[in-house]
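Below is one structure; the comments refer to it alone.
The structure displayed is predicted, hence computed values, not measured ones. In what follows, residues are counted from 1 in the order of the sequence shown.
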Amino acid sequence: MKVAIVHYWLVTMRGGENVLEELCRLYPQADIFSHVIVPDSLSPVIRAHKITTSFISRLPGATRHYQKYLPLMPLALEQFDLRGYDLVISSESGPAKGVITGADTLHICYCHTPMRYLWNMYHDYRESAGRLTRMVMTPAFSYLRQWDYASAARVDHFVANSSTVQRRIAKTYRRASEVIHPPVAVESFCPADQVEDFYLYCGQLVPYKRADIAVEAFNRLGLKLVVVGEGSDLPRLARMAGPNITLMGRQSGEALRGLYARCRALIFPGEEDFGIVPVEAMASGRPVIAFGKGGVCDSVQDGIGGILYPDQTVEGLVAAVARFRQEEGRFTQQGITAEAARFSAARFRQQFGDLVTTKLAEFQSKGPPVSGR
């Protein structure tokens, strides 16, 4: 079986690239297609595959400013020649699913989310953009939304990375999907013998992650908070933080594993499509105190893996921490790590491989699915 994997861009190793890495393990013969590649940023598993880039990679400054070429990406995707492939898997959160495939090719899209900047977070991005950028965004993104919706019809089957994304796919594309949660390297984390008296925030320091809620809440509580991460919000958070809050910047994998294992709990005040950080914390045996919306609702069971609170406010987080301090004794390392084990890489490969086998058999016997079937 000839397999092609289409991934939006290959410039770092984050959640989407971790999914791609497991797809590469599942289909070691697969060819990869992407708009832009920075080889040194990728894992050896991904680099071992043949990678073809679109004409975007030959444009000035493409490896750093690839997102500025977003309006050209539909055209670039349609130039990929995927004739002869039996299976095409598109990995979508930037433009990837809009490739053209033949009548005998099964196209499965693993959707991390419909593009945020076009759909559910469009007004946030537009509001934060400069005046000139907004003038360009308005007509360009209107065109891109039309293309994005139309290109969803090129996909035979959608797979969502969480229940939240499944609902977005239904709302945005009017398509059904199956949920297969992304892989997490849970075996890389382990509990510590002793927990220390601090709470942990870990993630990009950008506005939508809402680290500011964590900082302000712990200013009020007077409890120790360690903040790991970097981003545009770092200067503002540094000005906000009281003496009980430590901003550590970016940390190595080894250092982060130690912080996960020793903290009293992970603080997760943002809304994510899935959210790998809470699963990593649980794999370390530590509970999660999270805003109860988004992908975390799939991974953290209230009262078992941690505490979910309903209001994305400072007051909501303060109340959740107070509840945690009252109920802390009920959380066990064994129970928490068992929750995390549900998201292993081996489980992802098994579920995705089984889905492909089933859909390929249906496709070969019945042909492409039709609307409403």
Side-chain angles (χ1 to χ4, degrees), residues 15 18 161-164 179-203 209-211 213-214 217-218 221 223-229 251 253-310 316-348 350-351:
N18 291 337
N161 76 346
S162 69
S163 300
T164 294
V179 175
I180 297 180
H181 297 113
V184 183
V186 294
E187 68 282 352
S188 300
F189 303 87
C190 61
D193 295 331
Q194 190 170 358
V195 175
E196 299 178 14
D197 188 23
F198 71 91
Y199 296 80
L200 177 67
Y201 170 91
C202 176
K209 299 278 189 177
R210 299 314 308 267
I213 290 178
F218 277 80
L221 290 163
L223 301 172
K224 293 181 181 178
L225 176 69
V226 172
V227 177
V228 172
Q251 297 294 302
E254 182 179 358
L256 182 57
R257 285 191 289 272
L259 290 167
Y260 276 141
R262 299 194 308 275
C263 72
R264 289 182 67 176
L266 176 81
I267 305 299
F268 198 74
E271 180 184 349
E272 293 282 0
D273 306 323
F274 174 69
I276 288 176
V277 166
V279 179
E280 292 177 341
M282 291 192 299
S284 307
R286 304 314 307 147
V288 177
I289 303 172
F291 170 52
K293 191 174 181 182
V296 74
C297 295
D298 287 10
S299 59
V300 179
Q301 294 190 64
D302 188 82
I304 301 176
I307 285 175
L308 302 179
Y309 62 94
L317 178 53
V318 167
V321 173
R323 178 190 159 196
F324 171 75
R325 286 162 65 83
Q326 292 176 341
E327 302 178 6
E328 188 171 3
R330 72 186 290 186
F331 298 102
T332 66
Q333 287 186 346
Q334 183 178 8
I336 295 170
T337 54
E339 286 288 279
R342 299 183 292 128
F343 304 97
S344 70
R347 182 270 326 158
F348 171 83
Q350 180 69 51
Q351 290 187 337

Shortest non-hydrogen contact between [X] and [Y], atoms and distance:
| X | Y | answer |
| --- | --- | --- |
| Val300 | Gly305 | CG1-C, 3.8 Å |
| Pro191 | Ala261 | C-CB, 4.2 Å |
| Tyr201 | Ala214 | CD1-CB, 4.5 Å |
| Gly275 | Phe268 | CA-CZ, 4.4 Å |
| Pro310 | Phe291 | O-CE1, 3.4 Å |
| Ile289 | Ala265 | CD1-CB, 4.0 Å |

Does any non-hydrogen side-chain atom of [Y] lie less than 4.5 Å from one of [X]?
| X | Y | answer |
| --- | --- | --- |
| Met282 | Val288 | yes |
| Ile307 | Asp302 | yes |
| Cys263 | Val226 | no |
| Ile276 | Phe343 | no |
| Tyr309 | Pro269 | yes |
| Leu259 | Cys202 | no |
| Val296 | Glu272 | no |
| Tyr260 | Val277 | yes |

From [atom1] ([X]) to [atom2] ([Y]), nearest 0.5 Å:
| X | Y | atom1 | atom2 | result |
| --- | --- | --- | --- | --- |
| Leu225 | Leu200 | CG | CG | 7.5 Å |
| Leu308 | Lys293 | CG | NZ | 13.5 Å |
| Glu280 | Ser299 | CD | OG | 11.5 Å |
| Ile213 | Ile267 | CD1 | CD1 | 12.0 Å |
| Arg264 | Phe324 | CZ | CZ | 6.0 Å |
| Glu196 | Lys224 | CD | NZ | 9.0 Å |

How about Arg325: does its CZ atom have over 12 heavy atoms from other parts shown lying under 6.0 Å from it?
no

Side chain to side chain contact (heavy atoms under 4.5 Å, CB included), that's the test. Do Ile336 and Gln301 meet it? Break it down for me.
CA-CA 10 Å; Ile336 295 170; Gln301 294 190 64; over 6 Å; no

Hey, is the main chain of Arg342 close enough, under 3.5 Å, to the side chain of Arg347 for a donor-acceptor pair?
yes

Taking the side chain from Ser162 and the backbone from Asp273, do they hold a donor-acceptor pair closer than 3.5 Å?
yes

If the plane angle is over 60° it's perpendicular, under 30° parallel, otherwise tilted; pick one for Phe218 and Tyr199.
tilted

